[in-house]
Amino acid sequence: MSRQVFLYDPPDRFVAGTVGLPGRRTFFLQATAAGRTTSVALEKAQVEALAERIDELLDEVVRRTGGSAPVPAVAPAELADTEPLESPVDEEFRVGTMALAWDGEGERMIVEAQALVELDADTDEDLVEAEERLLQDETNGPPMLRVRLTGTMARAFAKRALEVVNAGRPPCPLCSLPLDPEGHVCPRQNGYRRGV
């Protein structure tokens, strides 16, 4: 199949957001530019990992360039985006794999999110080989969202993404599992229900 690439270079807006109530939220990455919007669904853990890796990569860029790269140490307050996702949120695909890179020449962070695919493989080596072929094939393969961000935009994205992840259900102070509004069965309390 011919690969469909949703390219935003640069986007007007690139954010992580959710639809639904805490405990039942669906997480999305959403890119918007020139009147078009692309939304892709992913897991909470993927959003958290992406945000953390973006911050780590930006910190490494600053370290390696001796601070000469146009990357702020923290997200500028004026770029804080607290608006909800653009409606309607139409899922293009569910994210399977993600990749990050820094384009030193263009001074841009490249974020790629590729659709989840089912791979048939007899061994782990075959599976790894099939995944690598999919990631490297620019003309064939599953759909992909590719976004090129300035260092400042990438810091702002990472900050909002971590805030979105942490805005869910509060953790139980004893076991750290999420508390539902009706409470939860806490393993540290030998099964007694713990309320909020």
Do the side chain of Arg108 and the main chain of Arg148 share a donor and acceptor less than 3.5 angstrom apart? no
State whether the side chain of Arg25 and the backbone N or O of Val19 hold a donor-acceptor pair below 3.5 Å, judged by distance alone. no
Can you confirm whether [X] sits close enough to [Y] that some side-chain heavy atom of one is under 4.5 Å from a side-chain heavy atom of the other?
X: Phe27; Y: Val95; result: no
X: Pro70; Y: Thr152; result: no
X: Val147; Y: Ile110; result: no

Shortest non-hydrogen contact from [X] to [Y]?
X: Leu29; Y: Ala16; result: CD2-CB, 4.1 Å
X: Pro72; Y: Pro76; result: CG-CD, 4.2 Å
X: Asp55; Y: Arg155; result: OD1-NH1, 3.0 Å
X: Ala69; Y: Val61; result: CB-CG1, 3.7 Å
X: Asp12; Y: Ala33; result: OD2-CA, 3.3 Å
X: Leu57; Y: Trp102; result: CD2-N, 4.1 Å

Name the one of Thr32, Thr37, Asp81 that satisfies side chain to side chain donor-acceptor pair (under 3.5 Å) with Arg13? Asp81
Distance in Å, [X] [atom1] paired with [Y] [atom2], rounded so as to fall on 0.5 Å steps:
X: Leu162; Y: Arg160; atom1: CG; atom2: CZ; result: 12.0 Å
X: Arg94; Y: Thr26; atom1: CZ; atom2: OG1; result: 7.0 Å
X: Phe157; Y: Thr150; atom1: CZ; atom2: OG1; result: 13.0 Å
X: Glu56; Y: Arg53; atom1: CD; atom2: CZ; result: 5.0 Å
X: Thr38; Y: Phe28; atom1: OG1; atom2: CZ; result: 12.5 Å

When you look at Gln30 and Ser39, which way does the side chain to side chain donor-acceptor pair (under 3.5 Å) test go after all the steps? CA-CA 4 Å; Gln30 190 176 74; Ser39 303; 2.9 Å; yes
Would a hydrophobic clustering, with Ile, Leu, Val, Met, Phe, Trp and Tyr connected at side-chain separations under 4.5 Å, put [X] with [Y]?
X: Leu149; Y: Val15; answer: no
X: Val62; Y: Val111; answer: yes
X: Met109; Y: Met144; answer: no

For the residue pair Arg36 and Tyr8, would you count it as a cation-pi contact if the rule is NZ or CZ under 6.0 angstrom from the ring centre and within 45 degrees of the ring axis? yes
So does Glu60 pair up with Arg63, basic N to acidic O under 4.0 Å? yes
